[in-house]
Amino acid sequence: MATETHCPYCSLQCGMRLTGRRTPEVSAWEEFPVNRGALCRKGWAAAGLYGGRERLTSPLVRDRGTGEWSAVSWDDALDRFVAGIRAAQAAKGPDGVAVFGGGGLTNEKAYALGKLARVALGTSQIDYNGRWCMSSAASAGIRAFGVDRGLPFPLADVEEADVLVLVGSNLAETMPPAARHLDRLRERGGRVVVIDPRRTPTAERADLHLQPVPGTDLPLALGVLHLLVAAGAVDEAYLAERVTGWEPVRESVAAWWPERVERVTGVEATEVRALTDMLGASPRVMVLTARGAEQHSTGSDTVLGWINVALALGMVGRRGAGYGCLTGQGNGQGGREHGQKADQLPGYRRIDDPAARAHVAGVWGVDPDSLPGPGRSAYELLDALGTPDGPSALLVLGSNIVVSAPRATHVTSRLEALDLLVVCDVVMSETAALADVVLPVTQWAEETGTMTNLEGRVVLRQRAITPPSGVRSDLEVIAAIADRLGSTASFPTDPEEVFVELGRASAGGPADYSAITYDRIRAEQGVFWGGERLFAESFAHPDGRARMLAVEHRGAAEQPCADYPVHLTTGRVLAQYQSGAQTRRVRSLPDEGPFVELHPQLAGRLGVATGEPVRVATRRGEMTAPARVVATIRPDTVFVPFHWVGANRLTNDALDPASRMPEFKVCAARLTPVEEVAQRPSRDPVTHA
Ligand SMILES: Nc1nc2c(c(=O)[nH]1)N[C@H]1C(S)=C(S)[C@@H](COP(=O)(O)OP(=O)(O)OC[C@H]3O[C@@H](n4cnc5c(=O)[nH]c(N)nc54)[C@H](O)[C@@H]3O)O[C@H]1N2
Ligand SMILES: Nc1nc2c(c(=O)[nH]1)N[C@H]1C(S)=C(S)[C@@H](COP(=O)(O)OP(=O)(O)OC[C@H]3O[C@@H](n4cnc5c(=O)[nH]c(N)nc54)[C@H](O)[C@@H]3O)O[C@H]1N2
Ligand code: SF4
Ligand SMILES: [Mo]
């Protein structure tokens, strides 16, 4: 019998059917509304996560002297872990131990991890990789609308827009089944605008492609709003009724005339005008941002700038229109709601709110005063590891930090400075390879749990196959640690039981799951928290109005100079997922290794051709990879995918002041040709299927 479940990867959480007991076979689940049976290449190849020789099936400990690994029993591994926790906390107090989670974890795991930190460890030092994903859009959404739900409407609403503006999204490669909505929209006569320094497969589907200098999406938004005001295209009635803060915003865009926008962004004034004419004349405009616009030290202001455009046009709350953020990880939405974030308790409650603390402490059966306060954000936490004031022990669950953190060489040295690093994973990731203790856990189709997709739809991943012997679930690991630490709070290991408790803990909070049950999810093919469409009548601020906030252009933290003359940006390719820990091990996916995408003009100046090695250096580090010469990128910009070690040796750890998002998407770099011939074995080329 087939099990209806969801893909192991991105935030679309495409529905799929699995058959087979040891290794699953993937087939289409045509009825699931988000993808209607369509999957991308990674989804079709998901069964390749099984049967590999690299799967961890025994706890391992590493001898720091010799570097040798040895297999040990679960009891020995957990004892060593707990002894390390005790030593760290004896020396440094409760905050001597830190926890790092992930947006790929189920809601149940994210919730249990936050509870483990606050109750059993008593530490404030917990954060997760979602801080590197959609946190800038989250902080902007909370400030503007009073609530953060990536898409406040079903994804299929995209088809109803007259103009869709994608700011820094390459969804044709990052969520391919979603691209069909762009095709339908255009068949209906609607138009697609893509803003990206590269002409991506997504931009190929656009009616208008603007190609700004990386890090200049905000001045572009300011220029668009300036022209909308000048054209009288602002919906004054909507602003008067539903929004506060318009006057200062109107004044703040007064000086952003198109020629100035062109100087700052590199987008021609005629193109800025073309975009504005399109927006001003359309009844339904939808703006969606993704990592291209958000992963900047100015990311949250940039999102606010584009939200202001959508509000000024009177679009937010209208069907087939408005603003949304395309969340990225499988549980990018739910992972940011249930308490693995430094400043948060379950239900998207704030940890510094006395009423929230009292409610959650009541559910957990502990004294509210025993709960710690807010901790450090992801990068600041990693940066503090092993320092006199920082934690000296770390538990990592669901992130491959060594590959995916910004300024990764520095972060790796912080991990090496720890007295104890424990990693729960399914494979020996680059981060697990640095650990003292590695705990092998169940993955994806071997276990059940809920995920909240990019639309706020809570879906159920169901167990379909038997896990290998020797592994435990993350929930079992969390419970075993809490038990060894003598925690009085209960840590259930049955996912449905955890979900019921999560429902109670989230009840009354901004993200309230208390009415959602596993049975309802099965019967309704997913359940939206807060309802299918938000903002039709009111926003989540106490007065029901949206807030417009005036934002100023600051620019990227690092600008090109004589020594580092080009812009470096980073991102994704279709066939690999994130740090590649999972997809690089799937044999049917091409593992081409990193490359440096650059324009023929730049390649000509360097004298390199496609396939020849080129060295990229920034103030933080360098890497060498084969050149890929393409006319589709700006001549002043180079692109490197981050799925392999390398890109993040280069990236800048400048943080957004509001969201603490690092500036993955732009820094200054220098390119030099490398004389030797590339030594890499040749592999399948990447396809833009
Ligand atoms: N194949 C694949 N799919 C994925 C993932 C994956 O690893 N692989 N990861 C998932 C996750 S967690 C996420 S967060 C999403 C991310 O999904 P996307 O945001 O679509 O992916 P990225 O490639 O990071 O960035 C998108 C685009 O931003 C452009 N860009 C770079 N700098 C700028 C800039 O300054 N301004 C603008 N406007 N654009 C810029 C890049 O050229 C790139 O084409 O994808 C999800 N889906
Ligand atoms: N330069 C650059 N860097 C980036 C980005 C970028 O665009 N450019 N994007 C950033 C973004 S948006 C993101 S989301 C991050 C993602 O980067 P990471 O945080 O590294 O995410 P993954 O590669 O998905 O790592 C997940 C790890 O957890 C393991 N795992 C999977 N499922 C489970 C589970 O259920 N339990 C446990 N215990 N482990 C599990 C996997 O095997 C893998 O080792 O990278 C960020 N880094
Ligand atoms: S688009 Fe995302 S969820 Fe869908 S099959 Fe591909 S990786 Fe999986
Ligand atoms: Mo992400």
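In each ligand, atom 1 is the first atom listed, and ligand 1 is the first ligand listed.
The heavy atom nearest to atom 30 (N) of ligand 1, considering only G168, P197, P641, is found in P197. Counting heavy atoms only, R572 comes closest to atom 13 (C) of ligand 2 of the residues R649, Q582, R572. The nearest non-hydrogen atom to atom 5 (C) of ligand 2, considering only Y9, F100, F642, W444, comes from F642. Nearest-heavy-atom check against atom 21 (O) of ligand 2 across T106, N129, V477 picks out N129.
Taking every non-hydrogen atom of V441 and a distance limit under 4.0 Å, the qualifying atoms of ligand 2 come out as 37 (C), 38 (N). For ligand 1, the atoms lying closer than 4.0 Å to a non-hydrogen atom of G215 are 34 (C), 35 (O). Counting the atoms of ligand 1 from 1 in the order shown, those under 4.0 Å from a heavy atom of T174 are 3 (N), 4 (C), 17 (O), 18 (P), 20 (O), 21 (O), 45 (O), 46 (C), 47 (N). Residue R198 has at least one heavy-atom neighbour below 4.0 Å for each of these atoms of ligand 1: 41 (C), 42 (O), 43 (C), 44 (O). Heavy-atom contacts of H296 reach the following atoms of ligand 1: 34 (C), 35 (O) (cutoff under 4.0 Å). Interface of I195 with ligand 1, defined as ligand atoms under 4.0 Å from a residue heavy atom, comprises 37 (C), 38 (N), 39 (N). Below 4.0 Å from some heavy atom of S579 lie the following atoms of ligand 2, by number and element: 20 (O), 22 (P), 23 (O), 25 (O). Interface atoms of ligand 2 facing V426, defined by a heavy-atom separation under 4.0 Å, are 42 (O).
Y128 does not carry K341 over the face of its six-membered ring by the limits of under 6.0 Å from the centre and within 45° of the normal.
When heavy-atom distances to ligand 2 are checked against a 4.0 Å cut-off, N400 comes that close through both its backbone and its side chain. The side chain of Q295, and not its backbone, has at least one atom closer than 4.0 Å to an atom of ligand 2 (non-hydrogen atoms only; side chain from C-beta on). Within the 4.0 Å heavy-atom criterion, the part of K665 lying near ligand 2 is the side chain and not the backbone. With a heavy-atom cut-off of 4.0 Å, A581 touches ligand 2 through its side chain alone. Residue C133 touches ligand 1 through its side chain alone, judged by heavy-atom distances below 4.0 Å. With a 4.0 Å cut-off on non-hydrogen atoms, S399 touches ligand 2 through its backbone as well as its side chain.
For atom 16 (C) of ligand 2, a protein heavy-atom neighbour is present inside the 4.0 Å cut-off.
Considering backbone and side-chain N/O atoms, C424 comes within less than 3.5 Å of an N/O atom of ligand 2. Residue-to-ligand polar distances keep W132 apart from ligand 2: every N/O pair is separated by 3.5 Å or more. Below 3.5 Å of separation, one finds an N or O of L574 facing an N or O of ligand 1. The shortest N or O to N or O distance between T570 and ligand 2 is under 3.5 Å. By the 3.5 Å distance cut-off applied to N or O atoms, S404 is counted among the residues near ligand 2. Of the N or O atoms in D474, one or more lie within a sub-3.5 Å distance of an N or O in ligand 2. Looking at Q329 next to ligand 2, no N or O pair under 3.5 Å apart turns up.
Remark: side-chain polar atoms of E108 are paired, donor with acceptor, to backbone N or O of T450 under 3.5 angstrom. Checking side-chain atoms of E455 against main-chain N and O of G150 turns up no donor-acceptor pair under 3.5 Å.
For C10 against Y577, the heavy-atom pair with the smallest separation is CA-OH, 3.7 Å.
Nearest protein neighbour of atom 35 (O) of ligand 2, counting heavy atoms only, is K109 NZ, 2.8 Å. Counting protein heavy atoms only, atom 29 (C) of ligand 2 is closest to D425 OD1, 3.2 Å.
Salt bridge annotation for R149-E337: absent, with no cationic side-chain nitrogen under 4.0 angstrom from a carboxylate oxygen. Comment: E173 does not engage R572 in a salt bridge, judged by the lack of any side-chain N to carboxylate O separation of less than 4.0 angstrom.
For the side-chain contact (heavy atoms from CB on, under 4.5 Å) with V411, the lone residue among D383, I401, T431 that qualifies is I401.
At a cut-off of 3.5 Å, with distance as the only test, a side-chain donor of T452 or N107 sits close to an acceptor on the other residue.
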